[in-house]
Amino acid sequence: MSYADTELLRARLGEAVFDEIYQDESDAAADLESAAAEIDGAIASRYRLPVTGKRTFSLLRDWTLTLAEERAYARAAGSGFAEKVRLRVEQVRKYLEMIRNRTFLLPDAEERKDGSVAFASCREPVFGRDNMEGF
């Protein structure tokens with residue numbers, strides 16, 4: 001599910017920039033879907049999808065547009081997209097990381113009741129069954 005449509009992306013980028021970057025509107029829709037998938041991937045372990053809370057949906061729509069904007073400028077200018085866009089994208093990704101770490105809450109999104117997945121990493125054990133013979 002996308003949180004934004006191509007008309008919102010057109011308004012965000014401006015008509016002239018949008019038309020210069022996207023000769024085919026399906027490319028814009030694909031960028032929006034990719035951005036929404038990135039967001040859903042970050043929040044799915046914690047919140048029930050689709051998000052239906054009005055305030056949260058508005059926030060996710062803005063984040064989707066920001067991430068899609070990054071993809072749009074990457075299409076047009078490679079890595080030389082505007083510094084302001086890069087900074088906004090970094091901020092969105094920080095928020096997504098904070099959601100994963102449970103330090104940022106979406107105000108009216110329904111939390112999952114069936115648990116979530118946690119990943120842990122650690123160093124290889126120093127002592128174990130195979131290397132303790134003779135001690």
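Residue indices begin at 1 and follow the sequence shown. For clarity, every value in this text was computed on a predicted model and none was experimentally measured.
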Could you report the tightest heavy-atom contact between Thr56 and Ala109, atom names first, then the distance? OG1-N, 3.7 Å

Verify, without hydrogens or angle tests, whether Asp108 (side chain) and Arg55 (backbone) share a donor-acceptor contact under 3.5 angstrom. yes

Quick one: closest heavy-atom pair of Arg71 and Ser34, and the distance? NE-CB, 3.4 Å

Is any side-chain heavy atom of Glu110 closer than 4.5 Å to one of Tyr47? no

With rounding to the nearest 0.5 Å, note down the distance linking CZ in Arg93 to OG1 in Thr66. 10.5 Å

Is there any salt bridge (Lys or Arg N to Asp or Glu O under 4.0 Å) pair reaching into residues 13-23, and which pairs are they, with sequence neighbours excluded? Arg10-Glu15, Arg10-Asp19

Under a 4.5 Å cut-off applied to non-hydrogen side-chain atoms, are Arg86 and Gln91 in contact? no

In chain order, what residues pass the side chain to side chain contact (heavy atoms under 4.5 Å, CB included) check against Ser26, with sequence neighbours excluded? Asp24

Once rounded to the nearest 0.5 Å, what's the spacing between atom OG1 of Thr6 and atom CG of Asp31? 11.5 Å

Quick one: closest heavy-atom pair of Ala36 and Ser2, and the distance? CB-CA, 3.9 Å

Going by the angle between their ring planes, with limits at 30° and 60°, are Phe104 and Tyr95 parallel, tilted or perpendicular? tilted

Below 4.5 Å, heavy atoms only, C-beta onward: do Arg61 and Leu8 meet side chain to side chain? yes

The side chain to side chain contact (heavy atoms under 4.5 Å, CB included) partners of Leu49 (sequence neighbours excluded) come to Tyr3, Asp40, Ile43, Ala44, Val51

Supply the atom-to-atom distance Glu7 CD to Glu25 CD, rounded to the nearest 0.5 angstrom. 6.0 Å

Distance, nearest 0.5 Å, that separates CG of Asp27 from CG of Leu32: 11.0 Å

Would you find more than 12 non-hydrogen atoms of other residues, nucleotides or ligands less than 6.0 Å from Arg48 atom CZ? yes

Would a 4.5 Å heavy-atom cut-off, applied to side chains only, mark Leu105 and Arg46 as touching? yes

Between Arg102 and Met98, is there a donor-acceptor pair closer than 3.5 Å when you use the side chain of the first and the backbone of the second? no

How far does CD1 of Ile21 sit from CG of Leu13, to the nearest 0.5 angstrom? 5.5 Å

Do the side chains of Arg112 and Ser45 get nearer than 4.5 Å, heavy atoms only? no

For Arg12, which residues count as a salt bridge (charged side-chain N to carboxylate O under 4.0 Å, His left out) partner, sequence neighbours excluded? Asp62, Glu69

Taking side chain as C-beta onward, heavy atoms only, is Thr64 less than 4.5 Å from Leu9? no

Under the rule for side chain to side chain donor-acceptor pair (under 3.5 Å), what residues qualify as partners of Arg100, not counting sequence neighbours? Glu97

Of all residues at least two apart in sequence or in a different chain, which pass the ring-ring contact (aromatic ring centres under 6.0 Å, His included) check with Tyr22? Phe18

